[in-house]
Each structure stands twice: as structure tokens, then as C-alpha cells.
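Structure first, then comments.
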Amino acid sequence: MSVLEVIISVLLVFGAAFVLLGSVGLVKLPDIYARLHAPTKATTLGVGALLVASAAHHSMLSGAPSLQEILVTVFFFLTAPIGAFLITKVALHQRLSAGTPLPHEEAHAQANRSDDDA
Amino acid sequence: MREPKSIGLVPRPLLSMMVAGTWLLANNSLYIGHLILAVLLGIALPRLTVHFWPDAPRVKKPGVAARLLAVFAYDVAVANFQVARLVLGSNDRLRPAFVDVPLDLRDEFGVALLASLVTLTPGTVSADYDPTLSVLRVHALDVEDGDALIKEIKQRYETPLREALGC
Amino acid sequence: MMNLAFSAGVGIVAACGVYLLLRARTYTIVLGLLLVSYATNLFLFASGRLSIDKAPIYAEDTTSYADPIPQALVLTAIVIGLAMTAFVIVVAMIANQKLGSDHVDAGREDDA
Amino acid sequence: MSGMLPIAMVVLPMFIAAVSLWVGARAENPDVARDRQRALGRFSLVAMVPLAIMMLQATDAGEVAVVRLGNWPSPFAITLVVDRLSALMVTLTVVLTLFVEWGARDGAEAEGPYFHPLLQFQVMGLNGAFMTGDLFNLFVFFEILLIASYALLLFGQGKQRLRAALHYIVLNLVGSCLFLIAVGVIYGLLGTLNMADLAAKAALVPAADAPLLKAGALLLLLVFGIKAAIVPVHLWLPSTYHAAAGPVSALFAIMTKVGMYAIIRVFIPIFGPGQGEVASVAEPWVLPVGLATLVVGTLGVLAANDFKKMLTYVVVASVGTQAIAVGLFTQQGLAAAVFYIAHSTLLTAGFFLLADAVILRRGEVGGRLSAGPLIPSARALAVLYLVAAMSTVGLPPLSGFVGKALLLAAVPTAWQPAVWTVTIVTSFVMLVQLARIGSVLFWNISSDREATPEVPPGVRSLAPAASLLTASVVISLFGQQLDTFSRATAAQIYDRARTIERVMTDAEPPPKDPQKKKAQKKAKKEGGDA
Amino acid sequence: MWLVAVIAIPILLCWVPIWGSRIAGRNGSAWGAGLVTALSMLALSQTVQPTLDGGMATETIDWMPTLGLQLAFRLDGLALLMCVLVLGIGALVVLYGRYYLDHVDRDDRFFSFLLLFMGAMLGVVTSENLLGLVVFWELTSVSSFLLVAFKNDKAAARKGARRALGVTGLGGLCLLAGMLLLGEVAGSYALTDVLAAHDQIVADSRYPYVLILILLGVFTKSAQFPFHFWLPGAMSAPTPASAYLHSATMVKAGVFLLIRLWPALAGTDLWFWIVTGVGMTTMVFAAFVALFERDIKGLLAYSTISHLGLITALAGLNTTTAVVAAIFHVINHATFKASLFMAAGIVDHEAGTRDLDALGGLAKYMRSTAILAGVAASAMAGIPLLNGFLSKEMFFKEAVEVGAVTSLALPALATIGGIFSVAYSARFVWGIFFGPETGKLPKTPHPPPTWMQVPVWLLVTLCVVVGMAPALVIQTPLIGIARSVLGEATPAIDIHVWHGFNVPLAMSAAAVVVGALLFRSYDTAAKLREGLPRAPKGVSLYNDALGLAFRFARGFTERCYNDSLTRYIVLVLVSALVVGSSPFLGDGAPDSDMGWDLAPLQREELPALAFIAVLILGAVATVKFRSRRFVALIVVGLTGLGTTLMFVEFSAPDLALTQLSVELATTVLILLALFFLPENSHPEGSSARHGRDWLIAGGVGLGLTALMFAVLSRPASSIADYYIAMAKPGGGGTNIVNVILVDFRGFDTMGEVTVLAVAALAIAALLENVRLVRRRTTLGATVRDDERHPFLLAVMTRPLLPLLLLVAAFILLRGHNLPGGGFIAGLVTAVALVLQFLASGLRWTFQRLDIDYTVATALGLLIALATGAAAMLFGQPFLTTAYTYVHLGPLHFELATAMAFDIGVFITVVAVLLLILVRLGEVGEEEGEHE
Amino acid sequence: MLSIAISIAATMIAIAMVLSLVRLLKGPTAPDRVLALDTVFVNTVGLVLVLGIAFETDLYFEAVLIIAMMGFVGTCALAKYVLRGDLME
Ligand code: NA
Ligand code: NA
């Protein structure tokens, strides 16, 4: 059992834990705006850790540094905010309640029903 | 709306380097064939996509940028433990709020980067941006003092970002 | 047991797809077709049997591979399915507008 | 026959289609685009006719062309196998399409955007389906010809057409899924896709696998039954054919034949008589449903109160007749089926074009069977109608009679009571109804109805319909030639062993330039070493 | 080829009258017809000698020898007789018709049809081949249909013609079947062989079927009970046609065939009972009906039926002398009935009506016609010194002489027929020419044109000559004719006007006397008849039967084809269940040693379970959320993801990539369309339907599960090993799936990109003129968000583009060796570009991506094609690939033509997807945005 | 040790996936579901990565790439639909 293997194991468990955390938040938090935080941050980080673990593992197997997973990590960090941004926008557009007053917007949509989708 | 002006061989040197580097990363190889392909793609892809991104910012101060990156990395780690705390704690302890951050940054791409940073860092998510008023709306999970939050965002991210991009 | 579970999965997806196909609305029919084609593709795929960790990528030291033929067939089938789905969606959309209803059976437009 | 010929029948239309897309997109306006596309399309069709006939001649001399695509050995390559049946079907396809394209010129409605490229793709799909020797490749060509037919069907849109198209498409998609499932079962048990190889392996299947393989085969039969419009999965046909524009319905005359062709291809050599545990899988089904199809189609003919609608049921009935002939599962029956397929393809197409011409001229009455106006070119139309109707009913001396006589003569004693009774009664009903319809269309003139004022000029526009209907006379005149060919075709299909040997083991034709061949081999060998 | 010419001339020259009328009007038409008839006669005269010498001429044209269908002709005595009748009376009818048809302006076609009919009829009577005979037989039906319907502006004419065609056509079909069977039984379709095979035929178990089928043809054609009803209906034909078809020729085809096949089929009890039974019934019944007809043509029609019955009865008697009598009566009936029809036509022509109630006293206006009709009618009644008497006498004789069982019935019936015959003949002559003038005539009668009477004269003269000097005129030819039918068995016959006092004479006398009395007391008889219960009329039975069939067909068809897609699908699925399960029922029932694979789960199989759960969850959720369309779309994506995961788990990386990319493309497509569809589905139908649907769905699911599990439980063996072994050395790639796609089975791939391209074209064509109004609302909000292009999305996707294209390039270039390839790369590229459309809109992206997608599609297809075709330049089959390893210093890489093929695929996929998505994206327009 | 870590990680991600699916099915709002679907995709990436480590293969890399990409674009499309209805105006 090499040091690398230990590192990989730790990264795996750490990453998976954060992935789990993200989903727990997704289920547990009270409203869409709050829920959004969990997967956007925790899951992204968790998967990031898993990617590093994977890269390390492949490096270990091939004996040379394997870095292709970094590409995916970059991609996640670039795209997670876009997704979060859009989803918040959607929630605001639908005037979903937030546990805090929604920002006032003059010409905005009137929610045409309760917090439930079509 | 093809721009009449010549776009040159390497219109986006940074992008070209990133593309070439990414290619090598993705292929996990420094074999000469891949090097050649990396160069070819590094030239071709930016040229092909230059019109989609005509006013790309250039990093003026790489040092500032690097420092910002380090701060960001640290914040991401912190952010997650904070989220862990909030998620695993009681929902009643949350103090969510929408906060409007007035920006000095005008460059579209700069704002976009800022918004992304804000999202990935502790307790905040970018929710909307009004380009006419130059205001970034942020949703925060646990806000004690809205103004402090605004200040922190501006200081911690906006200022260095403006510096790095020179705008 | 895994074979049985897989088979059941295919069967259940197909059953759901069939049920949706019989709901007589263009939209549910599109959904039903999607589900049925998932089931079909999985079926065709599994005709080469199920094998784990035996991707058909040739390597010197590998001796055992998954059957690549059904994979190639399914790939073709998926792409053809995409073409067909696209077409059926467009026809459904126009039909909905021209017929004033998305009910697919003649004389039942009023149900819409 | 050179391997070029079969390939050309697929590649040429595809090439022309692609080029005409290009040319069309580069044209300055739609009219120019259409003119160029039409010219290209016509060139392709005209060029394919002699090629098809060359294929027909070569196969008639007993040759079976086997093209192993990619130069891989059988059963690993996809093969094109061109025997008499394939050559005949391809010839029918190109001849039919040529006339349909000719006939489509007057119906501006049919000539929608991309009409000509789509027609080429349609031909490509049909030709490929008729030549391929690979079960999955058959699926692919089915899809090509189907998607092209969807597009052609929808030209001009309109409510009825949209709904019919939607039904047709969804039903065929369900059919395609069944096809794939059947392929899955068959591949799962036999482990191959080449039809000759399947035939060889199916004969050896162990008893434990037999029911499973039979289930797969029968699902395939159902799929082909849908395409062929055999009862009870025929319901889609009348509304679809009725909704299509005239020339398109004419083109569809070949569509049901694809299903019938596939039944012949799969259920005689692969799951046919003498195939061990899976012998004669389809035998209990095809003949009975064929009889039912004939009856149901004829009932439709009797019920129709619209000219074109009636024709759609004629198609169903004709499918029934073919299914009966195929369903006898004897060489003689198959020969009759082949004859009938050739006859009914051209006849049906001609009849549809004729119907289009009549309906176009009858003003607001259209195809409805009520008193109509005195239409221009009535005499010519009536003569054509008489020919078409006589041949449809099976009255001598036209091809329909010969076809029916061949079928009746092919029926073995055990089936004679059922088949003969049904054939006679249905022919009688058709006779009654076609006489009624003809007399309404051409004789029941109401002075207060007006013919369509601006009808495409005169008798000349009837030439495509007339040519197709003349084929009925020609087929009858040269009936012996076609019958000899059909019998040889049937014998060839039933001679499973020879086909298997030809496809699986026959050496490739010697290369024209041995030098190049060697170079190629060397390259491959080197690849192996590297 | 003179014999062939006899038949071919009228058929092939049938256009001459039309041509003649163009040149010389009405005369030209008739002259044309006459000329053609004369030509045919000339041809006949050239070939008649052997027949006259007691032999026959035969000629054959090969048509379909393998089927046994030949155009073979023989001119024996019987055939010659019929030819003479057909041509002779034909010529007379042409002459008559020239004058009769003056008020019909389309007589050019009339004579053409007549010639066509003449040829067909000549074919029937001279056929040596059974099937050839059927051909001509049916042609007489068709050409007579055209003649009967000649006055097609009248509904009655159309109906009558259709009925005639229907009945005789049905008979023709039966005859075809009968002939086929007869040929099968006799071992040959050549008449000569068949006639020689009597014993073999009669002994065959299929003899009854042969007989019944052929007799159906005979009886329908010769209007025998119960198929007689079409003939009166056919009286709407122009009278020349009736004179020709319904007296001398077409209706004789049936009895001709009886006589023709007599040597082969007769001589059995079955023959006797059916043929004589039907003949006698017809004779009596039709004579009875004729008596009460008001329409003179109707009267003649029923009289014809009756006389045909007489001939039929004779043919059924199984004695050779009866056959001779039958032949004789064929001749006699032809002469007197043709002349009577012509006379009736003259009356109709001159008086304007055919109604016996209106007619009367016409002798005053047309003396010669009256005389002629009187003589002919007397012949019909069987008055001595006329030909009708002679053959009727022979009939009576045969009736008396036939077996013991029927010794009373037959003579009695024959006499009764004779009585009616005398009565209606009298009524015909009296009612038209001598009875009181009614004053109800539509126009004042004039004597007919002289030439119109000439044919009648000729025919009546024949009646008289034969009647007065039979031994001199007819005996020898009749024996000759009979010999051609009966051969050695021909009886010695002796035809004389006077045979001395005997039973037949008594019967004749009784018939005349009682018939005359019956005529005298016609009014009483008519009243009596009114009182009789009416038997259902044939016509109405036929009409009712057809009506019933119509109604049934309508009902069935309406119920069957209700344009319900749901029904189509149900039928397909139920059929699939039925055929799919059939092999497992009965013998095929699965037994214990099916080898079901129930091995316990392995550790590495556990993820599969989770993925299967995702799959199932997605499917079930799709059903649950089906009416909430947006949600349904999201959860159906879950199934797609589940499918992808199955591919990941079960070693199909290429499939996983493809499935997921396609999944996304589909989602985008559906979203594009969903905006123009209702957001929610409305409530669905009854719970009964749900039950049915679940039953079917469950059946399909269960069936598929069983099928899948069974397949998975069987040992596998496939040809895959070859591909695995050859992918690298033969195809130059390590990704075996990709090598299969671009090399081993590249033809499939070419087809598949074609499908994509056609779908795109089809969609483009479909959407060309379609503009759909955008909704104002979105899901869950009353307005659409005012930001068209959400800020972060729009800005950040721009730098993403090169990254995503890089991914595409990565997948494309490595695809030959690692998971990936042209398809997936194409999908990824398209998705990358679609992201730009999503983020920044169509217009913005178009300005930066100025590509004609149609051209690009064509380009992609052409590249793929060209790579495939390139091999052919080197004499290799289409799609043969080649590859080589290039070594340039430190640089060594592989060049494979398959890569070029894959690039063609790549380009097509990108172009097609963009074409579809963009066209769909362009469909929407704001309200009131019409250009 | 690695194999234990793999089992633990796989189990945790599987649980995460179940939770995400719960949110997906529960909703209650459209953005909730879109977010949940997005998360499911990311969870999937995690699972596939763990699988790749377990099977000691790098053949799953492309799958990871594509799942990530398609998950993102899918989220964008769904969100755009709710916001504007027309995806590509
Ligand atoms: Na699909
Ligand atoms: Na190939």
C-alpha cells in the first residue's frame, strides 16, 4: 500500500462525502434559493476531489502523471455558477418565496400560482 | 458581422496556449504527434471562434491574477465547510437575504468572472445582473450585515479582478 | 440475478412506454416512443450479453471483450432514433397547430 | 455482373441527392434550384433504368452478384446480394420512380422543397433494401426509405395529410422498435447478421433455442407485415395513401412490396421449409392473414365512396393476394407472387396517377362518387380507367388476369376451396364496384357541376399514367417471359444451399490490377505487424 | 394464320369505325364495321376447307405455355357454325344498325364495341385452349358491358349493364376456376385432350367441382335460372346490340360451351339432373314470365331465356340425338330471335315506344314488318313449316324418350313451355300489329327504311327455307357439325317436316291449341296471375344481396378504419404478443432445463442494480408526470441517463457517449416544440381504457422481460471474434466499435447519416412556410422573462466554445482507437454550437456562423461517399479501407481512409443537427409579427 | 484500503444520488427539479469516476466529459425554457 494509494483513498472518501453533502442540502434546505447553495458548492468541490483522485489513480497505474481530469474540473468550475445563476433567475422569475423578501422588481412577472410547477 | 479587420494568425495568444495545453492534458501525452496537433488546434480553434468572443479581456497583471486565484482557492475550501455547517445545522438558523452589490467593474467578461467567483465562494450565489445599473444581485444564505457582505465582495474579489484585467 | 434484473428493467421501461403510447396525445406518444426506444436499444445491446469491465477497445494484454457488434448496431439505432424523434416532434407540433388539438385519434379533437 | 452495378444503384441516387442539395442551395432562386434539381434527378433516374435492366439481364442468366462491402469476407462484410428477385425489384423501383417523377411535374403540390433530392433518397433506400444481404442493413435501408416517404407524404400538408402522416410515422417507429428487438433475439441466438449465414445457422439451431428464435422470427414477420399492410396491422394504409399527393401515392405502390419482399427474403431461405427446428415458421400465419387481407381490402373497395379511397383498398386487397401467393410456401406460389408483385406495382401506380388526373379535373366533386361534371379528356381517361379496372379485377387479357390465373393454378388441392372461393368472390365484388365507380365517374354527368376550370393541358399530361397502365398490357403480352423469370426467381430463392455457398464461399472476382491488390494486402499485413 | 386472322381482325381493327366516322360520318362508321366484318369473313373463307372436308384447322400462338394458357384455335364444324352465326348476323346487325342508330350521335364507338365483341365471340367459339376460351369469354362480358351501357346517360342503361357484367363476370370467374380444375384433372388445357379424357374426368373426385364451376359460367352467360335476371335488364342496350348479343351470340356462348364440353363432361346423373333440371325450370318459368311482359324487348328477352333453357335441357339429356337437337335449335333460335329483335327495334324506332299497352294496329303502317315479325314469331312458337317447329319437335321427342323416372314430368313440362311459347308469340304479334290502336303512341309510325328491313328479310327467309326443306338445306351441315362434337357417336338423324302422327306431334298440337286458347283468354290469365303470390324477383334478390354487402362493407369499414392511432398501436402490440408467445404454447412450452441464469449477484454487479433503479424510476416517473409536460421531460431524461449508465456499466463507452448526446439533442428539440404545444395534457378517458392499456403495457413488458431473460440465459456465440481479431490489423484501429462503424459495417453508417440528412431535409421542407405564434406566458409565469439572453450564460458560454470544440476534436481524432468517433464528435460540436444559440440567440450566432447547413450536409455526405468510392478507383469494392503508418523522423502516425469517412460523418451530423434545431428555432414569431 | 474507500465512496455517492432523485421527484417547483437533475448528473460523474478507479481503467474519461457537458447544457436549456419559452429566439 503506497502513499499514493492512501491519498487516493482519502480523496475518494472526502469527495464522496461532499457530493453527499450537496445532495443532503438539496433535500433538506427550506427553499430553492437556499438549496441552490449546496450542490453548487459542495458537489462541485466533491467531484473536484474525485477527479483528482482519479487522476492520481491513473498516474499510479501508468506510472506517468495523468492530468486529463483537470479538464473536467475546470469545466465544472466554469459551468456551476452559470447553472446556479440561471436557476436563481428562474426562481425569481416565478416569484418563488425565499424565506426573505424578494427583491422588488417593477415590471416583473406576477406569480400565477403557488409554489408548485405546472 | 464578420469583422473586416484581419484577425491575425494567433488572435488570442492566451486562449491558444490554453487550448494547446488542454489538448495535451486531455491526451495525457507529450508525444510529438500530439504536440503538433496541439499547436494546430491552438491556432485553429481560436481563429474559428474569434467572432464569438470579439472583445476578450487580456490579463494585464498576472501577479494580481495569481493572488486572486489563491484567495479564491482558499475561499472555496472554506465555503464548503461553511456550507456543511449550514446544511447539517437547523434550517431555522439560516438568515437568507438578497443583496444588491453595486459594481465598478464594467467589462462584461469581468463581471461574469466576478459573478462566478461569488457563486463558488462562501454563502453567496449570484442571482442576477443588471448591466444598466451595474448591480450584481447576490443571494446569501446567512447574512448578518448586508453592507459588510457588499464590502467584502468588492474588496476581496472585484478590486483585484479589475486590477488584473486592467479595467 | 443481474440478468433478471436487467431484463425486468427493460420490460418495465417498455411497459411504461407502451402505456404512454396509448395515451393518444402527441406529447405522451413522443415520451412513450422515447421510453420504448430506450428499452429496444437496451434489448438489442444485451443480445451480445452483459459483460462488465470488458470494453471493446483492443489492447495487447486483454483477452476478453464485450461483443462489439450489438454496440455498433445500437449506436446506429440511437442515431436513427434521433432523426425519427426529431421528425415526429416537428410533425406533432405542426399537427397540433393545424388540427387545433394534440389528440391523435380522429374525431377526438374535442377532448383536448 | 460487375460489383459496380449494385453499388451504383445505391450510390448514384445518394450522390445525385447530395449534389442537388448543394446545387439547390447555391441557386439564385427557388425556381432555378428546382429546375436544376429536377434535371439532376431525372438524369439519375434515366441513367438507372438501363443499369437496372443490365442487372436484370445478368441475373436472368443465372448470375448472383455478391458485393462484399469493404472487401471483408462473408459473413463479416455487409453484402449486397443481387439475384433475380433483387434485380426485378430494383428495376421496378427505378422504372416506377421515373414515371412518378414525370407525373409529378403537373402536380405542383407534390413538388415541394427538396422534392427531387428526397425522391433520390427514396430510391436509394428502396434499392438498398432490395439488394442488401444483411439483416441489420435491411433495417437501415428501411429507415431511409421510410423517412424519405414521410417527407414525400407530407408535401402540401393539410389536415388530413398531417394526421395520416403522424399515424404512419408513429406506427412505423413502433415497427422499427419491434424490428430491432427481433434482430436482438436473432443475433443473440445465432450470432450473425448476414442472411445467408443466418440461413446456414438457423438450420442447426438446437431444440432448446428454437421457440425463442421462432418468437424473434415471428416478430420480424409482424414488422414486415406492418410494412406490407397485412391484416390486422394494415389499418394505416388507406388513410395514408389517400392523404398523399397523387404522384406520391403512386410511388407508394412499391412501399408495401418492400414488406412482402422482406417476408420472402427472410421466411423462405432462413426460416423456411427444411430448416431443422425452425422450419416453416411463418407458414401457419401468412396464408390465413393473406386471405383475411384480401377480404378486408375488398370490403373496403366495396364500401368506398371516393375514387382514391377505393384505390387504397385495392392496394390492401392486392397485398392480400400477394400474401396468399407467398403464403403457399411453394415454388409455384412464390413464382405467382413475384409475377403479381411486378404487375401490381406498375398497375397500382398507374391507377393512382390516373385517379389524380380524374380528381383534378372533376372540380369540387373531386374523387367523390356522385354525379360530376363532364371532364376534359374524358374519352382518354375512360379508356385508361377501363384498362386499369380490368387489370385490377383480373379480367383478361391484361396482366391482372394472368397474375390471378397463375395464383389460382399454384394453389395446392388442400387450399383450393378456401383460396379459390375467396379469390372469386373478391374479384366479383371488385368487378361490381369498379364498374359502378367507372360508370359514375365517366357517365353520371350532372350539368350543374363544373369541371376544374384550369386543368393542365390536355391528353399529354396523361402520358405517365398511360405508360404505367400500358405496362399491364405489355406484361400480359410478354407474360411467358415474366413467368419464366418468376419461376426461375422462385427456384433461386428456394435453392437455399446454392445461395449460401455463393454468398459465403465464392471467391472474390479477380482484381483488375493484381499489383494494386497486392499493395493493399501488404498495407493490411503491415498494419497487423505494427 | 387465317384462323387467327378471323379473330384478330375485328379486335385489332376495332378502331376502324371511329376512323371511318371521322372521314365519312355515319356511313363511314358503318362501312368501316362492315368492311372489317367482311375481312374477317374473307379470312374465314380461306381456312374453312378442312372443316368442310370433315376435319378442322388448328392454329396456335404461344402465350403462356407454362401456365397452360395458349391462344389456340380450332375450326371444327361447331366452331364454324358459330363463326357463321357471329359473322353473318354481325354483318346484318351492322347494316340494320346503320339505320337504327341515326339518332344516336356516337355510333362510331358503337360499331367499335361491336367489332370488339365480335372478335371476342369468335375467340370463344374457336378456342382450342380452355384458358384461352376463358379469356375471350370475359372479353365478351366486357365488350357487351360497353354495348349495353351505350346509352350511358340513362341510369337504367348503366345499371342494367353493370348487372349484366356482374353476373356474367362472376360466372366467368367461376369458369376460370372450373377450367383450371378441369385442366388439372384432365392433365391438359388443350380442348382436344380434354374431350378425349371423358372417363378420366368423370372418375375424378373433383369432377363435381369442375362441373359446378363450369356450369356456373354457362348458366350465368346463357341467363339460366336463377341467373337469368340480368338479361331483361340488359334490354336497355340499343336494339341492334340486343339483336346481336341477346339472341344470336353472347347468350349462346353458354349453351355453346355445354355442347362443346359435352363429350368431356356429360353422361353422368349429376350432369343430367343439374343441366336438364336448370334448363327445364328456366324454359317453363321464363316462358311464363314472357307471357306477361309489357315491354316487347322484355318479352323477347324472357323468350330468349326460355329457349336457352330448352337448349340447356337438351344438352343435359345425355343422349347424342339431344345434342343434335340442341345444335339445331341454336341455329333456329338465332335466326328467328334476331329477326324479332330487329322487328322490335323497327317498331320502337318508328312508334317511339315498346310498351305493348300503347302499341297496337301497327300493321296498317308497316305491313312488311308485320309480316316478317309474324313469320318469325310463328317460328318461335313452333308452328309447322318453320324452323322453330323442327327443333322443338326434336325436343319433344327427346323429352318423351328419356328415362323412366322422368317419363311424365319431362314431356309435361316441355308441353307447358310450348304452350306459353305459343301464347306469348301470339301476344307479341297481335299486340303490336293487329290489336286495337290505343292512341297512346308517342309518334306516328312510318314504314321503316328499306335497308333496315333487309336483314330481317334475310333472316326470316332462312327460317322459312329451313322450316320447309330441312332435309335439303340443313341436314348435311347439321350432321357435319354434330360429328365435330360427337365424333363416331354421331347418331343417324333424319329431319323432316312430317314424321307421321306420334307423341311429339301431339305435344306440338296441344301446345299450339292450348297456347292459342291461353292467348285468347289473356286478360283472365293476367288477372289470375295478379292473384298469384309473387316469387321474389331475381333482380331484387341480386340488388338486395349487393345492398346487404354494401351495407356490411360500409359498416365494417367505418368501424374498422376510424383513424385512431391508438387502435393501430393496440393492434400491432397485441399482434406482437400473440405471434411472439405462440412458439411457447403447446410443444414449445419452456421446461425446467431452459437454463435460466439465476447466479447470485457479484460485487461489481451492484452498481448495475442502482443504474437499473434509475432507469425504472425515470420510466415510472414519466408515466406519473405525463400530463405535466415539462416535468415529464425532465424525468424522461432520467431514463436516458439510466440507459447511459447501463452502457457505462456494461462496457459500452461509445454507446454511453452517444446515448447521452442524443438525449440532450432530443431534450432541446422537445423543448423547442413544447413551447408551441399545450403546457399540460387534459384529463384522460375512462378507467376501463386505463385498465386495457395497462394490460397491454404489462403484457408487452412481461413479454420483453421474458424474451430478454431467455436470450441472456442462452450460451452466446457470435462472429464478433473476427472483428476483435481484425480491428487492429485489418481496420487499423483499436476501438473495435468504431472500426465496425467506419469499416466493417461502414455501409450501415452511410445509411444512418443518410437518414439523418433526410430527416433534416424533411423537417426543413415541413417548416418552410410554417410560422407559429409564441405564447406570451411561460411555465409558471404570466409573462416571459424580460431578459432574452441571461447575462452570465451569454457571457460565459463564449469562452466555453473553444473548450467544447476542443472536446469534440478530441473525441473525433481519437475515436478510431478510443471511445469516440465522428458521430459523437458531431453531436458534441452541435451541442457546443447549440449552447451559443441558447445563450445568445439565433441572430447573434448566425452572424458568426455563416454556414449553409444544407450545403454542409451535402458536403458531409459527399465526403463519406467519396471515401467509399475511392476504393473503387483501385478496383476494390465500395467502402474498402486502407491505412498506412507514416514515419517522418520522430513523427510516426497512422493515416486511414476510414478517418476521412468518419470526418464525413462528423460534418453531416453537425450540419444536420444545426439545420434541424435552427429551423425549429426560427419557427416562432411574436404575435402580429406577420411579414 | 483502496477497495474499502471505493466501496464507501460509491455508497455515499449512491445515497447522494437517491437524495437528488428525491428532490427531483418531489419538486415542488420547476427550478427545484432542474437543479436536482443537474445534481443527479454531477453525482453520476462522481459515480463513474469511482467506477473507473474500481475497474482500473481510463476508458470512462470520455464518458465523464460528456456527462458533465450534457448535464450543463441540459440545465441551460431547461432554465431558458422556463424563463423565455423560446430557446433560440
Ligand atoms: Na432515442
Ligand atoms: Na464495410
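Letters A, B, ... are given to chains in the order of the sequence lines, protein chains preceding strands, and every chain is numbered from 1. Both backbone and side-chain heavy atoms feed into the values below; hydrogens, waters and symmetry mates do not.
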Can you tell me how far the CG atom of E:L838 sits from the CG atom of A:L86, to the nearest 0.5 Å?
-> 9.5 Å
Tell me, for E:L803 versus chain A, whether the close heavy atoms (under 4.5 Å) come from the side chain, the backbone, both or neither.
-> side chain
Compare all side-chain heavy atoms of E:V807 with those of A:F75 and state whether any distance is below 4.5 angstrom.
-> no
Of all the heavy-atom pairs spanning A:H93 and E:T778, show the shortest one and how long it is.
-> NE2-OG1, 3.1 Å
Heavy-atom pair of closest approach, residues E:F791 and A:F85 | N-CE2, 4.0 Å
Correct closest heavy-atom pair for E:L779 and A:Q94 would be O-NE2, 2.9 Å
Between CD1 on residue A:I82 and CG on residue E:L835, distance to nearest 0.5 Å | 7.5 Å
